[in-house]
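Comments concern the structure below.
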Amino acid sequence: MTYRVALIGAGTMGGVHARHWNAMPGAEIVGVLDPRADAARAAGPAFADWDTLISQSKPDIVDICTPTPFHREYVEKAAAAGKAIFVEKPLSRSIEDCDAMLAAVEAAGVPAMSGHVLRYFPEFAAAKRAVDAGKVGKPITIRTARMAGFPDLGGRPNWYADPAQSGGLVLDMILHDFDWLRWTFGPVTRVFAKGLYGQEEYFGDLDYALVTLRFASGAVGHVTGSWAHPGGFRTTLEIAGDAGLIEHDSDRSAPLSAMLKTKGGAGGVAVPESPMAPTEDPYYQELAAFVHALQNNLPPPVTLQDAREATRIALAALESIETGKSVTLS
Amino acid sequence: MTLKIAIFSFAHMHAQSYAAAIAANSGATLAGVWDADAARGQAMADLYKTTFYASERELLAQGLDGAVVASENVHHRRLVEMAAEAGVKAILCEKPLATTVANARAMVDYCAARNVKLATAFPCRYSPAFQSLLQKVQGGAVGKVLAIRGANRGKAPGGWFVDKALSGGGAVLDHTVHAADLNWLLLGQNATEVYAETGSEFQHAACEDTGFLTINYDGGVFATLDTSWSRPKNYPTWGDVTIQVVGTEGVIDADLFAQNLVCYDDTAGTASWSNWGSGTDTEMIADFLRLTAGQDAPRLATGEDGLRAVQIALTAYESAALGQPVPVASGN
Ligand SMILES: NC(=O)c1ccc[n+]([C@@H]2O[C@H](COP(=O)([O-])OP(=O)(O)OC[C@H]3O[C@@H](n4cnc5c(N)ncnc54)[C@H](O)[C@@H]3O)[C@@H](O)[C@H]2O)c1
């Protein structure tokens, strides 16, 4: 069968999803909902409202790529309509919302997955496999870093710059790391964080956070999140165990680096590139994994419960930034 | 005039590099060495073509201008005070200055009261990469500094380093002091609060080998620091010192030991990094000799600098025990 997909929100992430849905055998976009009509049309058949979208496009899957504050509303609506749900991370700004979404999905008995795509990044997937295979022995210190510029919506009103909507980079970006760390190293018991979150003079332009985690296993983690790196994007990963060490640095594994003359002959900046085969693109992989689970009646590989737990770590980090104290997670 | 310098103990391996730098400096002579381990002391005296003294007092009676103390950490105070008492003009003490704040304070006061200049061996200050970072940050390259992420990791040491009775602590004390000192230079602000997660699961020894610190500074800058002895045995080099300075106008990453040749050796079966960056000890020793000669050596870390760094490291232990941040006691 071909899975019929309704896309909610056709911005940056919705655009990426649309591209992959269109490339995926066995899936097609049958409807798009976005108040920005042009953006909706560019992604597929546009609809003006939810009811029409659902009744006319008859989707099997509702894929929610709206800004974070609208996730709960659409998850509840999609669950009530009996649709399979893919919802971008973070689930929401609050645990209450997460619980309401979990309850809605459970009551409706629909499959649901959240977009913790880092699990599908090949370097992170490979690192997890290596850890599981005992390559570092017992993991003891783990460091990840995700460093970028402040999110740019190309002149559209920037909801990322409103901490009440996005939660800043702790909830929006290094949530990815929290999920991957929890998936790979187990539950987190204590969180201590410092960051620019809540400092109004910087927010909207800059965010930076350094988060320390204690795992139930005894391991210690450290996550760097930056929206203070002008231009570029870099991730690093390091897992030290009692029998070895794994290191990754995106700057050191880019197979292409172009440095081209600009018009007029002035020097350009080096632009690194790390291309992947189309079907190995992590965003393709996560959507394909969801479809695979649906096809085989398996639980989705990243559940809303997983997403809730990652959100809990991020919210604990924000609480720690606000209170200056460590936060214990039971 | 040639300055007469003596080295008290080679327990810390840095003493060899200091000995070489003193021997190579035309303004100084290595007047003798003392070591509690006579065999080691004799071997070092032979190596650096000087005399081994089995008695500290006998060596101190040789009319020394300066003393370098590189013993196990817990003996720093005794040796520093002995040298100050004997009337040397300046003393360079290996880091950490002491294993308690009270001892560090006492050493600083003891030397001050006798007009002896006390310096702490913080060679990272002399790293050209750090100097360049410092210049850029002070010149406003990153705008207002908001945060610093540091790391100073190493392979697991052995011997007295992991014997708390001699070292006073593990990875936290050993490495925090370097990075705390660099932060001090970058910020010129005192630490107000320290949080730490520690552990001892790499080596399962009595002292910690894992240290993840968060340090708050006057003025609101926050910093974290990884001090762990987390490099595996076959890591291509001894460890690292890295600093990411984040400001309103951008970010600078410094990797103080990045200037390496990568060497693959089939005979030894190893891949390793061979550092070709500038050494730091020659410059530091040159400054120490200036200090000894009564000149200014503003780049050299003082006893106060050593004390400030020790205080941050020791506060980390308190925090780790509590699981909460702990204020750095003021008024030291
Ligand atoms: N997994 C990842 O790597 C990743 C990366 C970026 C963003 N995200 C997440 O994806 C979500 C979207 O982020 P984005 O960067 O694409 O934002 P965006 O602003 O580019 O896109 C959001 C789109 O949703 C539309 N929209 C707003 N309100 C809506 C509503 N009520 N109903 C339908 N559409 C609505 C907007 O017009 C816009 O086109 C966020 O939750 C974000 O955290 C995930």
Side-chain angles (χ1 to χ4, degrees), chain A residues 136-143 145 147 149 189-196 199 201-202 205-215 217-232 234 236 238-247 251 320-321 323-328, chain B residues 142-144 146-151 153 155-156 171 192-193 195-204 208-217 220-236 240 242 244-253 319-320 322-325:
Chain A
V136 298
K138 181 183 191 307
I140 297 168
T141 61
I142 306 114
R143 298 174 67 84
M147 300 167 286
T189 54
R190 188 160 56 198
V191 181
F192 187 75
K194 292 285 173 193
L196 300 181
Q199 298 190 31
E201 63 269 46
Y202 306 122
D205 180 32
L206 284 174
D207 197 2
Y208 188 81
L210 298 171
V211 182
T212 301
L213 305 171
R214 172 69 82 172
F215 294 85
S217 71
V220 184
H222 182 280
V223 180
T224 303
S226 175
W227 282 346
H229 277 63
R234 182 180 181 193
T236 60
E238 178 189 287
I239 306 157
D242 60 4
L245 172 75
I246 291 172
E247 289 180 324
D251 271 7
S320 176
I321 289 171
T323 62
K325 300 287 176 206
S326 69
V327 175
T328 300
Chain B
V142 299
K144 180 178 180 325
L146 302 170
I148 298 178
R149 182 192 65 176
R153 287 86 57 85
K155 295 186 182 183
T192 54
E193 193 177 80
Y195 179 82
E197 294 284 356
T198 63
S200 54
E201 293 197 63
F202 284 110
Q203 292 183 270
H204 302 285
E208 82 291 345
D209 50 38
T210 298
F212 278 35
L213 278 65
T214 305
I215 309 170
N216 250 24
Y217 286 91
V221 172
F222 56 90
T224 62
L225 174 59
D226 178 357
T227 71
S228 310
W229 290 331
S230 52
R231 305 301 89 181
K233 288 188 203 72
N234 70 354
Y235 199 65
D240 63 7
T242 61
Q244 177 169 90
V245 181
V246 180
T248 51
E249 303 303 317
V251 179
I252 303 179
D253 273 298
S319 167
L322 278 176
Q324 287 294 350

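Letters A, B, ... mirror the listed sequences (proteins, then strands); counts begin at 1.
Of the listed residues (A:K325, A:K138, A:R214, A:Q199), the one with the most heavy-atom contacts under 4.5 Å to chain B is A:R214. Options B:R231, B:E249, B:H204 differ in how many heavy-atom pairs under 4.5 Å they form with chain A, and the most are formed by B:R231. Heavy-atom pairs under 4.5 Å with chain B peak, among A:T328, A:D205, A:T224, at A:T224. When each of B:Q203, B:Q244, B:E193, B:K233 is scored by its heavy-atom pairs under 4.5 Å with chain A, the top score falls to B:Q244.
Across all non-hydrogen atoms, the minimal contact from B:E201 to A:D242 is O-CB, 4.0 Å. Looking at every heavy atom in both residues, B:F222 comes nearest to A:L196 through CE2-CD2, 4.0 Å. In terms of heavy-atom proximity, A:G324 sits nearest to B:P325 at O-CG, 3.1 Å. Nearest heavy-atom pair across B:P232 and A:G244 is CB-CA, 4.2 Å. A:A240 and B:S230 get closest at one heavy-atom pair: CB-O, 3.7 Å.
In this structure, the side chains of B:N216 and A:K194 come closer than 4.5 Å at one or more pairs of heavy atoms. In this structure, A:M147 and B:V246 have side chains that are not in contact, with every pair of non-hydrogen atoms separated by 4.5 Å or more.
Contact annotation for A:L245: both backbone and side-chain heavy atoms come within less than 4.5 Å of a heavy atom of chain B. For A:T141, the parts lying under 4.5 angstrom from a heavy atom of chain B are both the backbone and the side chain. Contacts between B:I148 and chain A at a heavy-atom distance below 4.5 Å involve the backbone alone (N, CA, C, O). In this structure, chain B has a heavy atom under 4.5 Å from the backbone of A:S217, while its side chain stays farther away.
Remark: A:L210 CG to B:L225 CG distance equals 11.0 Å, nearest 0.5 Å. With values rounded to the nearest 0.5 angstrom, A:Y208 atom OH is found 14.0 Å from B:T248 atom OG1. Note that the CG atom of B:D226 and the NE2 atom of A:H222 stand 8.0 Å from one another [nearest 0.5 Å].
The aromatic rings of A:F192 and B:Y195 lie parallel to each other, their planes meeting at an angle below 30°, with 60° marking the opposite boundary.
Salt-bridge annotation for A:E238 and B:R153: present, with a side-chain N of the basic residue lying under 4.0 Å from a carboxylate O of the acidic one.
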